[in-house]
Amino acid sequence: MEQKKSSDNFFEKVYDVARLIPYGRVTSYGTIAKYLGAARSARMVGWAMNNSSGKDIPAHRVVNRVGLLTGKHHFDGTNLMQQLLESEGVEVVDNKIQNFKEIFWDPAIEL
DNA sequence: TCATTGACTACGT
DNA sequence: GACGTAGCCAATG
């Protein structure tokens, strides 16, 4: 029997926002955290992503504030994250998104 | 309970 | 503009 999902709620929200990221778009951990009301918990978003393993969460669309694929080491392969992004039309070079500023997706604005 | 770590961010040099 | 340090919050040992 499950009890309160207060803590899970935060993770659930992260998953929900991550799933809302449109094709060929990316966002940052801090942006999601801020959208959820936890701007200081950007790390927690990353933690949620780590927990999203096995879920339908496009974690490859979530990068740090400079568009750097910091979490690529958590994926199966070595360049899987970059490959996924490039497959969506995202220009990635050296684990970093080039036109990050152009494809940046902000839930607080787009939504 | 305390100490360490981590898919971050901001500030200072 | 690159590098180092500090701050933050939660999970893990």
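Order of the sequence lines sets the chain letters (A, B, ...), proteins ahead of strands, with each chain counted from 1.
In this structure, the CZ atom of A/Phe11 is 6 Å from the P atom of C/dA11, given to the nearest Å. Across the protein-nucleic acid pair, A/Asn51 atom CG and C/dC9 atom P stand 21 Å apart, rounded to whole Å. Following rounding to the nearest Å, A/Phe104 (CZ) and B/dT9 (C1') show an atom-to-atom distance of 13 Å. Atom NZ in A/Lys34 sits roughly 9 Å away from atom P in B/dA10 (whole-Å rounding). In this structure, CG of A/Asn50 is placed 9 Å from C1' of B/dG6, rounded to the nearest angstrom. Between A/Lys13 atom NZ and C/dA10 atom P there is a gap of 14 Å when expressed in whole angstrom units. Atom pair A/Asn79:CG and B/dA7:C1' shows a separation of 17 Å (rounding to whole Å applied). Atom C1' of nucleotide B/dG6 and atom NE2 of A/His74 are separated by 8 Å, given to the nearest angstrom.
Among B/dA7, B/dT9, B/dG6, the nucleotide with an atom closest to any side-chain atom of A/Thr70 is B/dA7. When distances run from any side-chain atom of A/Met44 to the nucleotides B/dA7, B/dT9, C/dA10, the shortest one goes to C/dA10. The listed nucleotides are C/dA11, C/dC9, B/dT9; the one nearest the side chain of A/Ser41 is C/dC9. Set against C/dA11, B/dA7, B/dT9, the side chain of A/Ala59 has B/dA7 as its closest nucleotide.
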Candidate pair A/Glu88 and A/His60, rule side chain to side chain donor-acceptor pair (under 3.5 Å), full reasoning: CA-CA 10 Å; A/Glu88 297 192 352; A/His60 62 272; 3.1 Å; yes

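If you take NZ on A/Lys34 and CG on A/Asp106, they are separated by 8.5 Å, rounding to the nearest 0.5 Å. Rounding to the nearest 0.5 Å gives a distance of 7.0 Å between OH of A/Tyr15 and CE of A/Met49.
The side chain of A/Arg40 contributes no N or O atom lying less than 4.0 Å from OP1 or OP2 of C/dG7.
By the criterion of side-chain heavy atoms lying less than 4.5 angstrom apart, applied directly or through intervening Ile, Leu, Val, Met, Phe, Trp or Tyr residues, A/Ile103 is not grouped with A/Tyr23; the two fall into different hydrophobic clusters. Using a 4.5 Å cut-off between side-chain heavy atoms of Ile, Leu, Val, Met, Phe, Trp and Tyr, with links allowed through other members, A/Trp105 and A/Ile57 fall into the same hydrophobic cluster.
Across all strands, A/Asn64 comes closer than 4.0 Å only to sugar-phosphate atoms, never to a base (heavy-atom distances).
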